[in-house]
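The block underneath contains the structure these notes are about, expressed in structure tokens.
Side chains included, hydrogens not; waters and symmetry mates left out as well; all remaining heavy atoms used.
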Amino acid sequence: MADQRKGSLPEPTVVPPPEIVTPSRPKVSLVVNVLQARNLVAAKGEAAPVNSAARINFLADAAADSELVKDNKNPTYNFSRTFEREFSEAVANELLNNPLRVSVLEGSGKSQAVLGTATIDLEALFDIGKTGNW
């Protein structure tokens, strides 16, 4: 037992601060896979070789490009990008109001030309009956 003389206080007990627990929101993930392109034609014409890459644009995230596939009119990209957010009403609105864009680009660096772009409306993902179309 500790020596408790008159006028002395017991040794203080250290109490850890309360743990702050923030409720976590479920995350929503969208995985976009660009597998391949077919029958590409170079900007210079059908006889020219095609060096191409796939690009994915979505939300405010920076565009993501696949590796350049050289001299191939039927390239296989096998390129994937995942977009992940904590789910909220604001995120749902963002997903509904911003289409996904997938482009095929010819060339690299500053000399890129867009060979084609697909714009995909994601509203169908929120309609249970329509997801079978994907």
Do Glu106 and Lys44 come close enough that some side-chain heavy atom pair is under 4.5 Å?
no

Within the 4.5 Å heavy-atom criterion, are Thr76 and Leu35 side-chain neighbours or not?
no

Less than 3.5 Å apart, any donor N or O on the side chain of Ser29 or Glu84 sitting next to an acceptor on the other?
yes

Heavy-atom nearest pair, Thr117 first then Val114, reads OG1-CG1, 3.5 Å

In this structure, would Leu30 and Val28 fall into the same cluster of hydrophobic residues linked by side-chain contacts under 4.5 Å?
yes

Can you confirm whether Gln36 sits close enough to Asn74 that some side-chain heavy atom of one is under 4.5 Å from a side-chain heavy atom of the other?
no

Answer yes or no: is there a side-chain heavy-atom contact under 4.5 Å between Leu95 and Phe58?
yes

Where do Pro75 and Val69 come nearest, in terms of heavy atoms and distance?
CB-CG1, 3.7 Å

Could you tell me if the side chain of Arg55 sits less than 4.5 Å from the side chain of Arg101, heavy atoms only?
no

If two hydrophobic side chains count as joined below 4.5 Å and joins carry through other members, does Leu105 share a cluster with Val32?
no

What's the shortest heavy-atom distance between Pro99 and Asn97, and which atoms?
CD-O, 3.9 Å

State whether the side chain of Lys70 and the backbone N or O of Ser52 hold a donor-acceptor pair below 3.5 Å, judged by distance alone.
no

Under 4.5 Å between side-chain heavy atoms, counting indirect links through other Ile/Leu/Val/Met/Phe/Trp/Tyr residues: same cluster for Ile120 and Val91 or not?
yes

Over 12 non-hydrogen atoms of neighbours within 6.0 angstrom of CD in Glu67:
no

Please find the pair of heavy atoms, one from Glu46 and one from Lys73, that lie closest to each other, and give the distance.
O-NZ, 2.5 Å

Could you check if a side-chain atom of Phe83 sits within less than 4.5 angstrom of a side-chain atom of Asp61, using non-hydrogen atoms only?
yes

CD1/Ile56 to OG/Ser80 distance, rounded to the nearest 0.5 angstrom?
7.0 Å

Looking only at heavy atoms, the pair that brings Leu115 and Ala43 closest together is CD2-N, 4.2 Å

If you look at every heavy atom in Val34 and Ala54, which pair is closest and at what distance?
CG1-CB, 3.7 Å

Gln112 side chain near Asp65 side chain, heavy-atom distance below 4.5 Å
yes

Check whether any side-chain N or O of Asn51 sits under 3.5 Å from a backbone N or O of Asp71 as a donor-acceptor pair, and report yes or no.
yes

Under the 6.0 Å and 45° cation-pi test, does Arg81 pair with Phe79?
no

